[in-house]
Amino acid sequence: MRDAARAALAEELPCDPDARVHGLRREGDEVVVRFEQDGRSVEERFERVLAAVGRRPNLADLDLERAGLTLDAHGVPRFDRRTMQCGDAPVFLAGDVGHDRPLLHEASDEGTIAGENAARFPDVRPGARRSPLAVVFTDPQLAMVGESWKELRGRDVVQGEVSFEDQGRSRVMLMNRGRLHVYADAREGTFLGAEMAGRAPSTWATCSPGPTSSG
Ligand SMILES: Cc1cc2nc3c(=O)[nH]c(=O)nc-3n(C[C@H](O)[C@H](O)[C@H](O)COP(=O)(O)OP(=O)(O)OC[C@H]3O[C@@H](n4cnc5c(N)ncnc54)[C@H](O)[C@@H]3O)c2cc1C
């Protein structure tokens, strides 16, 4: 899946998902980026840099270590994601601050779990979590639901897969990129997860000949 996604994205622009940037400086109207490529340190000049480097919890000023909490390498208290409790302390995390799954619906569920447990403390109980769901709004879009192939490694799993590259409708629409993999328990047949790199449904809808079309 990763190879397919990387190949599709690389058609549009050079794409290095493991890039190591060692330096960034401004020279006149340009930005000079020093990075590692194939084990060599190289420098290139660009007009602009768009840095999409993620977010981090705003915890630094809270001196959380003084509260007796165990912190991880990011300074985030270690917590149980089923109860949202930090160790045995009467402290509960909810949302992006936990640096776990920074998504709106996860934050909402975590808020419910953390709030209920805080109100019921010390009767702390595991709350219901949803199936993991992740979407990257690239083109093609990347999506994962349930357990990933990596997480399923070593389990008795069957995989169904389809490539969009030679799919008739995808080809006609010049959208024949990406693939879909679905995973199921080999004995039970239960659906466990799926991973996909494919064109955005909104793009499909725009280009679709209409609701009567099949495919
Ligand atoms: C550009 C962008 C796009 C996103 N797209 C998606 C998406 O498509 N789907 C999806 O599921 N999720 C998306 N997310 C993630 C989603 O917005 C977050 O997971 C969600 O908002 C987390 O909710 P939260 O309550 O934990 O944190 P937030 O919504 O960040 O709320 C935290 C609040 O705490 C305040 N605050 C911070 N520090 C302090 C302090 N010291 N004292 C008092 N107040 C403080 C902040 O000002 C903020 O109001 C996106 C996020 C971004 C930034």
Side-chain angles (χ1 to χ4, degrees), residues 1-2 4-6 8-9 12-13 15-17 19 21 24 31 48-87 89-121 124-151 175 177-178 180-182 191-207:
M1 278 308 300
R2 199 161 48 187
R6 192 182 293 194
L9 292 169
E12 306 281 336
L13 76 171
C15 180
D16 180 356
V21 176
L24 199 68
V31 184
R48 298 264 193 283
V49 167
L50 170 65
V53 290
R55 298 163 274 136
R56 72 172 67 155
N58 184 12
L59 292 171
D61 297 334
L62 294 181
D63 285 340
L64 286 174
E65 58 283 352
R66 295 196 187 187
L69 304 178
T70 313
L71 308 186
D72 68 13
H74 300 283
V76 176
R78 291 198 188 280
F79 67 98
D80 181 340
R81 63 186 311 277
R82 296 167 311 146
T83 61
M84 305 313 294
Q85 186 180 14
C86 303
V91 177
F92 298 84
L93 297 189
D96 284 10
V97 77
H99 209 57
D100 179 31
R101 287 185 178 155
L103 295 162
L104 195 56
H105 56 277
E106 298 282 355
S108 172
D109 290 348
E110 290 172 2
T112 304
I113 298 169
E116 285 181 357
N117 277 330
R120 235 186 352 238
F121 189 81
V124 174
R125 300 176 200 167
R129 300 299 301 246
R130 290 171 212 238
S131 299
L133 173 71
V135 181
V136 185
F137 302 113
T138 43
D139 184 8
Q141 292 204 13
L142 312 176
M144 286 168 60
V145 61
E147 291 173 279
S148 67
W149 182 247
K150 198 173 162 188
E151 288 163 339
M175 288 186 176
R177 291 192 290 168
L180 165 72
H181 290 184
V182 292
F191 175 66
L192 298 173
E195 294 175 287
M196 183 172 108
R199 297 305 295 266
S202 57
T203 325
W204 276 99
T206 314
C207 301

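We count residues from 1, following the sequence as given. Whatever order the structure lists ligands and atoms in, that order sets their numbers, starting from 1.
- Contact annotation for atom 18 (C) of ligand 1: protein present (non-hydrogen atoms, distance under 4.0 Å).
- In this structure, atom 38 (N) of ligand 1 has protein heavy atoms in its sub-4.0 angstrom surroundings.
- Between N117 and R125 there is a side-chain heavy-atom pair separated by less than 4.5 Å.
- Of all the listed residues (L133, L103, D96), D96 holds the heavy atom that lies closest to atom 27 (O) of ligand 1.
- Distance remark: protein heavy atom not present below 4.0 angstrom from atom 33 (C) of ligand 1.
- Among protein heavy atoms, the minimum distance from atom 13 (C) of ligand 1 is reached at L104 N, 4.5 Å.
- Atom 50 (C) of ligand 1 has its closest protein heavy atom at R55 NH2, 4.3 Å.
- Remark: ligand 1 atoms within the under-4.0 Å shell around heavy atoms of G95 are 26 (O).
- For the pair T70 and P77, the minimum side-chain heavy-atom distance is 4.5 Å or more.
- Counting heavy atoms from C-beta on, the side chains of V76 and L71 never come closer than 4.5 Å.
- When only non-hydrogen protein atoms are considered, atom 25 (O) of ligand 1 lies nearest to A107 CB, 4.7 Å.
- Note that atom 5 (N) of ligand 1 has no protein non-hydrogen atoms nearby, at separations under 4.0 angstrom.
- Residues V91 and F79 form no side-chain contact, since every pair of their non-hydrogen atoms from C-beta on lies 4.5 Å or further apart.
- With ligand atoms numbered from 1 in the order given, ligand 1 contributes 8 (O) to contacts under 4.0 Å with heavy atoms of F137.
- Checking atom 8 (O) of ligand 1 against the protein gives a heavy-atom contact under 4.0 Å.
- Contact of the P57 side chain with the H74 side chain is not registered, since no non-hydrogen atoms from C-beta on lie closer than 4.5 Å.
- Using a cut-off of 4.0 Å between Lys/Arg side-chain N and Asp/Glu carboxylate O, R55 and D96 are scored as salt-bridged.
- The nearest pair of heavy atoms linking C86 to L93 is SG-CG, 3.7 Å.
- At a heavy-atom cutoff of 4.0 Å, ligand 1 is contacted by the backbone of P102 but not by its side chain.
- The presence of a protein heavy atom under 4.0 Å from atom 2 (C) of ligand 1 is ruled out.
- For atom 15 (C) of ligand 1, the nearest protein heavy atom lies closer than 4.0 Å.
- Residues R101 and R81 form a side-chain contact, since some pair of their non-hydrogen atoms from C-beta on lies under 4.5 Å apart.
- Of the charged side-chain nitrogens involved, at least one lies within less than 4.0 Å of a carboxylate oxygen, so that E106 and R129 count as a salt-bridged pair.
- Per-residue contacts place N58 under 4.0 angstrom from the following atoms of ligand 1 (heavy atoms of the residue considered): 38 (N).
- Residue contacts with ligand 1, taken as heavy atom pairs separated by less than 4.0 Å, do not involve E106 at all.
- Here CD of E110 is found 9.5 Å from CG of L103. Values are rounded to the nearest 0.5 Å.
- Scored by the side-chain contact (heavy atoms from CB on, under 4.5 Å) test, L9 finds C15, T138, P140 as partners (sequence neighbours excluded).
- At a distance under 4.0 Å, a protein heavy atom can be found next to atom 11 (O) of ligand 1.
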